Amino acid sequence: MFKDIQPLEIDKVMRRAQEAFLQYKRISGARRAAFLESIATEIEAVGPALIAKAMEETNLPEARLIGERGRTCNQLRQFASLIKEGSWVEARVDTAIPGRTPVPKVDIRKMLFPLGPVVVFGASNFPFAYSTAGVDTASALAAGCPVVLKAHPAHPDTSELVAGAIARAIEKAGMPKHTFQHVHGASFETGKGLVQHPHTKAVGFTGSFAGGKSLYDYANQRPDPIPVFAEMGSINPVFILPGALKARRETVAQMVANSITQNAGQFCTKPGLLVSVEGSPLEQFTQALDEKMKKIAPTTMLHPGIASNYNKNRTRALAQKGVVVEAVSDDPPKENQGISTLASVAAGDFIDNPTLFEEVFGPYSLLVKASTMDELKAAVAKMPGQLTATIIGEESELAEQAEFIQLVMERAGRVIINGVPTGVEVCPSMHHGGPFSATTDSRFTSVGTDAIKRYARPVCFQNFPESLPPEELKTPNPLGIWRLFDNEWRK
Ligand code: NAP
């Protein structure tokens with residue numbers, strides 16, 4: 001058992017974070033990069049003990065956790081490369097034109113600077129990649145912001161082991177001691193206190209809609225509101241066009257069933273909604289999908305709270321008007337297991353029921369049967385913002401759906417053709433975000449190197465003598481970064 005942080009200690013922690021910020025923000029990109037690389041090395045050095053502890057605390061399988069640890073270290077190294085190269089600061093230089101008439105032009109330059117101390121709430125479903133040294137922490141540290149991490153109560157020991165690795169990296173890389181601080185707190189007051197502390201300048205969160213929205217509201221109640229980058233619920237609709245149902249029924253059914261149930265459906269990108277047009281191809285597809293869902297055994301969920309939430313939300317969804325159970329696992333679930341479930345509903349009943357647009361976190365999906373393509377489009381128009389939307393179709397029918405694809409783009413941060421939304425690649429072109437209620441700010445991603453942009457803000461320097469601005473903005477470009485210099489991209 002770890003000691004919960006007390007309200008008075010929050011102030012101490014945030015003061016230390018602010019003190020660390022004043023030093024850390026001045027440390028070069030190259031040294032910060034070495035620090036991030038060192039965190040990855042130290043995490044790897046914890047070895048099998050880290051995987052064993054995470055297995056014990058989360059019930060996730062070994063192979064998944066080994067893969068997730070690799071992804072986490074890879075993420076840290078990607079941010080290290082990004083800041084070592086340096087162009088991420090988006091430097092712009094517009095040199096003076098003293099002779100311009102009628103008004104002379106002054107010298108103006110700008111670049112991104114770190115925001116200040118960031119409070120991160122570790123996620124339960126990714127104990128490494130979205131938790132202690134996950135993408136929020138990595139991107140904030142890369143940007144030059146100290147991090148205060150609130151450990152997720154479902155994997156406190158795993159979180160401690162990773163925090164220990166970060167502490168060793170701080171020492172080895174010679175970073176300010178409080179560049180990273182790790183706190184525990186079982187009451188919502190802890191989260192509220194951290195978000196509302198005057199030294200906190202931004203918040204990163206992954207979890208439930210209720211949790212993310214509360215943190216967002218706390219931040220907006222401050223005298224000086226701050227950004228909260230909360231990734232919350234998404235039902236990730238998958239639209240299956242009739243041609244694909246006819247041509248690839250079995251393959252699509254298997255692909256979708258796996259995606260719904262992988263790791264007990266505990267992914268923010270799990271396809272919680274399938275939408276298609278009624279007819280015999282859909283009937284045959286539903287039968288194929290039913291058979292596959294029945295064969296998928298129940299799996300133990302991350303923790304008893306998540307399992308009980310799953311049962312509660314699943315029961316609530318199944319009780320809605322017009323919803324019928326299509327298939328459940330043949331095996332009955334044991335304690336804390338989630339049972340794979342496919343339900344269906346007619347589009348008419350779906351469109352008018354906001355409850356059916358809510359995430360059921362676990363191995364559950366709802367098949368919406370539209371009578372026409374127009375009804376299917378009406379369902380899209382009603383949908384709240386999504387992290388992802390997927391369209392499965394034959395090439396010939398996709399070519400006729402340009403308008404539909406436009407409609408889908410308005411609702412989601414990532415649009416997938418002929419694939420599944422689970423499995424998020426970590427690369428610069430990834431966007432893991434989406435309009436509200438998938439996130440609180442659709443302009444930013446929480447996966448990939450662009451996640452750094454959440455924790456930085458532009459500062460503009462007008463009429464500065466050449467000796468004063470940071471290296472990134474000096475005319476000879478000593479760091480050799482890409483810059484927009486007098487409206488031309490130059491290195
Ligand atoms: P959660 O309830 O949203 O909690 C995540 C973190 O936020 C915890 O540290 C929690 O603090 C804190 N928190 C939540 N509400 C708060 C509030 N009102 N004030 C201050 N702090 C608050 O997520 P969870 O525990 O991981 O899982 C619960 C449910 O969230 C799941 O059943 C699932 O429905 C959903 N979920 C969704 C995703 C997704 O990716 N979409 C991921 C994980 C979970 P405490 O430690 O005090 O509880």
Side-chain angles (χ1 to χ4, degrees), residues 1-2 4-5 7 10 57-60 68 119-127 129-132 134-136 148-156 158-159 182-197 200 203-221 228-236 262-272 301-317 336 338 357-364 384-388 413 421-422 424 432-434 436-440 446-447:
M1 271 300 274
F2 296 100
D4 285 350
I5 188 172
I10 291 179
E57 289 192 320
T58 66
N59 301 311
L60 290 170
E68 192 187 322
V119 169
V120 174
F121 291 79
S124 58
N125 58 339
F126 278 88
Y130 283 90
S131 195
T132 322
V135 64
D136 286 307
V148 174
L149 186 287
K150 182 180 169 297
H152 197 286
H155 54 260
T158 307
S159 199
H182 188 240
V183 302
H184 298 269
S187 112
F188 285 173
E189 286 309 304
T190 308
K192 185 175 181 183
L194 288 166
V195 171
Q196 293 196 331
H197 193 280
T200 305
V203 177
F205 167 92
T206 301
S208 64
F209 174 78
K213 181 65 167 52
S214 303
L215 300 183
Y216 181 76
D217 291 341
Y218 301 150
N220 282 295
Q221 286 156 10
V228 172
F229 301 103
E231 193 225 293
M232 307 176 290
S234 182
I235 53 173
N236 305 299
Q262 191 188 356
N263 289 151
Q266 299 167 116
F267 288 110
C268 44
T269 50
K270 177 212 68 178
M301 300 191 78
L302 289 160
H303 65 85
I306 295 237
S308 95
N309 266 352
Y310 174 60
N311 287 327
K312 191 180 73 194
N313 294 334
R314 174 183 174 274
T315 305
R316 182 165 168 251
N336 297 329
F357 290 86
E358 288 174 21
E359 181 184 44
V360 178
F361 192 73
Y364 169 91
Q386 300 294 325
L387 291 172
T388 73
T422 42
V424 183
H432 190 65
F436 191 85
S437 53
T439 75
T440 44
S446 58
V447 174

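Atoms within a ligand are numbered from 1 in the order they appear, just like the ligands themselves. Below, all heavy atoms of this structure are taken into account, side chains as well, without hydrogens, waters or symmetry copies. In this text the structure is predicted, and so the values were computed from the model without any measurement.
Among all protein heavy atoms, the one lying closest to atom 41 (N) of ligand 1 is Met232 O, 3.0 Å. Counting only heavy atoms of the protein, atom 34 (O) of ligand 1 lies nearest to Phe361 CB, 3.2 Å. The protein heavy atom nearest to atom 15 (N) of ligand 1 is Gly211 CA, 3.2 Å. The shortest contact between atom 13 (N) of ligand 1 and any protein heavy atom is with Phe188 CE2, 4.0 Å. For atom 27 (O) of ligand 1, the closest non-hydrogen atom of the protein is Ile306 CD1, 3.5 Å. Protein heavy atom in closest approach to atom 3 (O) of ligand 1: Ser208 OG, 2.6 Å. If you check which protein heavy atom lies closest to atom 47 (O) of ligand 1, you get Ala186 O, 3.1 Å. Closest protein heavy atom to atom 26 (O) of ligand 1: Ser124 OG, 2.5 Å.
Side-chain contact annotation: Asn236 with Thr269, donor-acceptor N/O pair under 3.5 Å absent.
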Test side chain to side chain contact (heavy atoms under 4.5 Å, CB included) on Leu194 and Val148; report intermediate values, then the result. CA-CA 9 Å; Leu194 288 166; Val148 174; 4.0 Å; yes
Evaluate Glu68 against Phe126 for side chain to side chain contact (heavy atoms under 4.5 Å, CB included), listing each step before the verdict. CA-CA 8 Å; Glu68 192 187 322; Phe126 278 88; 3.4 Å; yes
Gln386 and Ile235: side chain to side chain contact (heavy atoms under 4.5 Å, CB included), yes or no, with the steps? CA-CA 7 Å; Gln386 300 294 325; Ile235 53 173; 3.5 Å; yes
Evaluate side chain to side chain contact (heavy atoms under 4.5 Å, CB included) for Leu149 paired with Ser159, printing each intermediate quantity in order. CA-CA 9 Å; Leu149 186 287; Ser159 199; 4.0 Å; yes
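Relative orientation of the His184 and Phe2 rings is parallel, given thresholds of 30° and 60° on the angle between their planes. Relative ring orientation between His155 and His152 is described as parallel, the plane-to-plane angle staying below 30° on a 0-90° scale split at 30° and 60°.
The closest approach between any non-hydrogen atom of Ala210 and ligand 1 is not below 4.0 Å. Under a 4.0 Å heavy-atom criterion, Glu231 is in contact with ligand 1. The shell of residues lying under 4.0 angstrom from ligand 1, judged by heavy atoms, excludes Glu189. Contact annotation: Ala123 has no heavy atom less than 4.0 Å from any atom of ligand 1.
Each of the following atoms of ligand 1 lies closer than 4.0 Å to a heavy atom of Asn125: 40 (O), 42 (C), 43 (C). Heavy-atom proximity to Gly185, at under 4.0 Å, picks out these atoms of ligand 1: 46 (O), 47 (O). Within the listing of ligand 1, atoms 28 (C), 29 (C), 31 (C), 32 (O) sit less than 4.0 angstrom from a heavy atom of Asn309. Each of the following atoms of ligand 1 lies closer than 4.0 Å to a heavy atom of Leu215: 20 (C), 21 (N). Counting the atoms of ligand 1 from 1 in the order shown, those under 4.0 Å from a heavy atom of Glu359 are 37 (C), 41 (N).
Under a 3.5 Å cut-off, the side chain of Asn336 and the backbone N or O of Ala307 do not form any donor-acceptor pair.
Residues Val195 and Phe121 are in side-chain contact: their nearest non-hydrogen atoms beyond the backbone lie under 4.5 Å apart. Residues Ser208 and Phe361 have side chains not in contact (no heavy-atom distance under 4.5 Å, counting atoms from C-beta outward).
The number of heavy atoms from other shown groups lying within 6.0 Å of OH (Tyr216) does not exceed 12.
Counting only non-hydrogen atoms, the option in Phe205, Phe209, Phe267, Phe121 that gets closest to atom 5 (C) of ligand 1 is Phe205. If you check each of Lys270, His155, His152 against atom 4 (O) of ligand 1, the one with the closest non-hydrogen atom is His152. Residue Gly207 holds the heavy atom nearest to atom 37 (C) of ligand 1 of all those in Ser214, Ser234, Gly207.
Neither the backbone nor the side chain of Val195 has any atom closer than 4.0 Å to an atom of ligand 1 (non-hydrogen atoms only).
Atoms CG and CE, from Asn125 and Met301 in turn, are 10.0 Å apart once rounded to the nearest 0.5 Å.
Considering only residues two or more places apart in sequence or on other chains, Gln221 meets the side-chain hydrogen bond (donor to acceptor under 3.5 Å, both in side chains) condition with Gln196.
The shortest N or O to N or O distance between Lys150 and ligand 1 is under 3.5 Å. For ligand 1, the polar-atom distance check against Gly233 finds no nitrogen or oxygen pair separated by under 3.5 Å. Below 3.5 Å of separation, one finds an N or O of Tyr218 facing an N or O of ligand 1.
Among Val203, Asp217, Thr439, the single residue meeting the side chain to side chain contact (heavy atoms under 4.5 Å, CB included) criterion with Val228 is Val203.
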